[in-house]
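One-based numbering, in listed order, for ligands and for the atoms of each.
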Amino acid sequence: MESSMKPLSLDFNQYYKSFKLFLERSTEHECLQKFIDENLPDVIASIGKKGGSSLNVLGVGSGSGKIDLEILGKIQSKHPGFFIHNEVVEPNPQHISKYKALVKEWNSGPNISFTWNQMTSGEYEMQNKKRNESKKFDFIHMIEMLYYVESLHDTIKYFHSLLETNGKLLIVQTADDGGYHSLWRKAGSRFLSSCLFLDVHKVLDEIRMKYHIYELSSIFDITECFIEGNENGELLLDFLTHIVDFRKTAPADLKAEVLQCLRQPQCSREENGKILFNNNLHFIVIDY
Ligand SMILES: C[S@@+](CC[C@H](N)C(=O)[O-])C[C@H]1O[C@@H](n2cnc3c(N)ncnc32)[C@H](O)[C@@H]1O
């Protein structure tokens, strides 16, 4: 990465703002909800020990918890009467406090408890190893967070090793044929860390893990990025490039290249005067 630019993941406040706006301008959460409603029930049907009455769930990179609570609701309805212990790993303090507020409002009933870990996945792994803990989980999800880890291989291997018998690991990433991959492949070497270039399923093939992929379509309205001086457009550009204040800090030739690339058919399409970025998602389910 060129030295004038700062990764968005290192600035909690700016990340929170630009991710929030991304959610407002995209169908990201609608797409996740569709998977939760239509596919997740089958995925979670077989989790849990035979004859057991409790389930351990781990969310890594949970954000503000909206999607995690939807997942927990589905687990509750698929396994009625089970006690669920939900553990959260999330480094951003703003996301954790939103999540806690959401839990307070949520009418979950008495059969659920939460453990909060305000830390990265790497710090969580270190903490467990220091404490000699080897707690296992029936369901682990890592939704749109593997871009930020140091090693994709090691992170997937570690969290897979935490699966209980019959457990499932769900990874959600942008699809390889989506707009992000085109943008990152074209210009990303100048502004991204290397993990963003790896395809999760290729890593899974290398480490010989069996998986099942579902692809669901999603769009992201990036029209404001092309309105000079538009504050929302700047925040959205930060999210697309994962750089804080990309428009102000990136070299002029890189800015021009990124804006041009975003309009290419590999990244987006124009519809009713709007520029709609391809935000398709891969849902990767890995067994125990
Ligand atoms: C794109 S957001 C996704 C949030 C949530 N899963 C959702 O789908 O709404 C990525 C989340 O991963 C968190 N994150 C960033 N680096 C992380 C790391 N190394 N370990 C765990 N979480 C991380 C961010 O703080 C953010 O909340």
Side-chain angles (χ1 to χ4, degrees), residues 6-36 40 57-74 86-103 115-128 139-156 158-159 162 169-175 178-180 184 192-196 198 200 216 218 220 235-236 238-244 277 279-284:
K6 178 179 169 193
L8 188 61
S9 55
L10 299 183
D11 185 330
F12 286 146
N13 192 35
Q14 192 80 354
Y15 188 97
Y16 179 81
K17 283 199 288 185
S18 67
F19 178 56
K20 190 166 172 286
L21 190 62
F22 158 73
L23 291 179
E24 286 167 20
R25 295 290 184 272
S26 71
T27 58
E28 169 89 4
H29 274 183
E30 288 83 346
C31 177
L32 290 168
Q33 189 66 50
K34 188 169 160 54
F35 176 83
I36 291 169
L40 190 68
V57 178
L58 174 64
V60 188
S62 295
S64 303
K66 180 170 176 281
I67 293 299
D68 290 31
L69 296 193
E70 294 292 342
I71 291 174
L72 289 170
K74 266 307 171 244
N86 183 58
E87 192 151 340
V88 178
V89 177
E90 166 56 55
N92 190 324
Q94 277 161 282
H95 279 157
I96 289 252
S97 62
K98 274 262 171 191
Y99 193 160
K100 285 182 180 169
L102 211 58
V103 169
T115 299
W116 307 96
N117 300 279
Q118 193 197 310
M119 59 184 72
T120 65
S121 52
E123 288 163 348
Y124 178 73
E125 179 177 348
M126 264 184 346
Q127 171 183 277
N128 281 352
F139 189 63
I140 301 177
H141 54 87
M142 310 174 96
I143 301 176
E144 294 270 58
M145 64 69 60
L146 278 173
Y147 317 108
Y148 311 112
V149 302
E150 268 175 39
S151 161
L152 205 48
H153 287 78
D154 295 349
T155 306
I156 294 175
Y158 176 70
F159 283 94
L162 300 186
L169 170 62
L170 169 68
I171 292 175
V172 181
Q173 292 284 100
T174 58
Y180 288 101
W184 296 341
L192 294 174
S193 69
S194 57
C195 253
L196 281 149
L198 296 172
V200 168
L216 271 73
S218 170
F220 172 16
L235 272 180
L236 296 176
D238 287 3
F239 195 74
L240 285 158
T241 57
H242 272 63
I243 292 295
V244 179
F277 187 77
N279 186 58
N280 290 0
L281 297 179
H282 271 169
F283 295 78
I284 305 172

Student: Can we say K66 and E70 salt-bridge, meaning some charged N sits less than 4.0 Å from an Asp/Glu carboxylate O?
Tutor: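 Here K66 does not pair with E70 in a salt bridge, since their nearest N and O are not under 4.0 Å apart.
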
Student: Which part of F19 is near ligand 1, with near meaning a heavy atom under 4.0 Å away: side chain, backbone, both or neither?
Tutor: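 Looking at F19 and ligand 1, just side chain atoms fall under 4.0 Å.
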
Student: Of V172, L23, I67, which is the lone residue that meets side chain to side chain contact (heavy atoms under 4.5 Å, CB included) with E28?
Tutor: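 In the set V172, L23, I67, the residue that makes a side chain to side chain contact (heavy atoms under 4.5 Å, CB included) with E28 is L23.
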
Student: Among the heavy atoms of H29, does any lie under 4.0 Å from an atom of ligand 1?
Tutor: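 Flag set, H29 near ligand 1.
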
Student: For N92, counting its heavy atoms only, list the atoms of ligand 1 lying under 4.0 Å from any of them.
Tutor: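 Going through ligand 1 atom by atom, the ones under 4.0 Å from N92 are 25 (O).
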
Student: Considering only the protein, which heavy-atom contact is closest to atom 8 (O) of ligand 1, and what is its distance?
Tutor: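 Closest protein heavy atom to atom 8 (O) of ligand 1: I143 CG2, 3.4 Å.
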
Student: Side-chain donor-acceptor pair under 3.5 Å between Y148 and H242, yes or no?
Tutor: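 Y148 vs H242: donor-acceptor pair found between side chains.
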
Student: Side-chain donor-acceptor pair under 3.5 Å between Y124 and Y158, yes or no?
Tutor: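 No, no side-chain donor-acceptor contact under 3.5 Å.
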
Student: Please determine, by modelled atom types, if S218 and N280 share a side-chain donor-acceptor pair under 3.5 angstrom.
Tutor: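 No pair is found: no donor N or O on one side chain lies under 3.5 Å from an acceptor on the other.
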
Student: May I ask whether S9 has any heavy atom positioned less than 4.0 angstrom from an atom of ligand 1?
Tutor: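 So S9 does not count as touching ligand 1.
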
Student: Could you go through the side chain to side chain contact (heavy atoms under 4.5 Å, CB included) check for N92 and Y16 one step at a time?
Tutor: CA-CA 8 Å; N92 190 324; Y16 179 81; 4.3 Å; yes

Student: Using 0.5 Å steps for rounding, measure from the CZ atom of F22 to the CG atom of L240.
Tutor: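 One finds 8.5 Å between CZ of F22 and CG of L240.
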
Student: What I want to know is whether M119 and ligand 1 share at least one N or O pair that is separated by under 3.5 angstrom.
Tutor: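 Checking ligand 1 against M119, no N or O pair falls under 3.5 Å apart.
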
Student: For ligand 1, which is the ligand I care about here, please tell me if H95 has any N or O atom under 3.5 Å from one of the ligand's N or O atoms.
Tutor: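 Yes; the residue has a nitrogen or oxygen that sits under 3.5 Å from a nitrogen or oxygen of the ligand.
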
Student: Show the atoms of ligand 1 that are less than 4.0 angstrom away from any heavy atom in S121.
Tutor: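 Counting atoms of ligand 1 from 1, those under 4.0 Å from S121 are 18 (C), 19 (N), 20 (N), 21 (C).
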
Student: Where on K66 is there a heavy atom closer than 4.0 Å to ligand 1, on the side chain, on the backbone, on both, or on neither?
Tutor: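 The answer is neither.
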
Student: Output the list of atoms in ligand 1 that are nearer than 4.0 Å to some heavy atom of T120, sorted by atom number.
Tutor: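 Result: 18 (C), 19 (N), 20 (N).
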
Student: Looking at atom 6 (N) of ligand 1, what's its closest protein heavy atom, distance included?
Tutor: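 The closest heavy atom on the protein side is G61 O, 2.8 Å.
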
Student: What atoms of ligand 1 come within less than 4.0 Å of a heavy atom belonging to G63?
Tutor: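 What qualifies from ligand 1 is 4 (C), 5 (C), 27 (O).
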
Student: With a heavy-atom distance limit of 4.0 Å, tell me whether P91 approaches ligand 1 through its side chain, its backbone, both, or neither.
Tutor: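 P91 to ligand 1: side-chain contact only, backbone stays beyond 4.0 Å.
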
Student: Nearest heavy atom to atom 16 (N) of ligand 1: which of Y16, F239, Y148 does it belong to?
Tutor: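 Closest candidate by heavy-atom distance is Y148.
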
Student: I would like to know whether N117 and E87 meet side chain to side chain donor-acceptor pair (under 3.5 Å); could you show each step before the answer?
Tutor: CA-CA 8 Å; N117 300 279; E87 192 151 340; 3.2 Å; yes

Student: Are Y15 and ligand 1 in contact, using a heavy-atom cut-off of under 4.0 Å?
Tutor: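 Yes.
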
Student: Would you say ligand 1 has an N or O under 3.5 Å from any N or O of E90?
Tutor: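 Between E90 and ligand 1 (N or O atoms, distance only) the closest approach is under 3.5 Å.
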
Student: Checking H141 against V60 for the side chain to side chain contact (heavy atoms under 4.5 Å, CB included) test, could you report, in this order, the C-alpha distance in whole Å, the side-chain angles of both residues, the deciding distance, and whether it holds?
Tutor: CA-CA 6 Å; H141 54 87; V60 188; over 6 Å; no

Student: Looking at K34, I'd like to know if its NZ atom is crowded, meaning that more than 12 non-hydrogen atoms belonging to other residues, nucleotides or ligands lie closer than 6.0 Å.
Tutor: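 No, because the 6.0 Å sphere around NZ of K34 holds 12 heavy atoms or fewer from other groups.
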
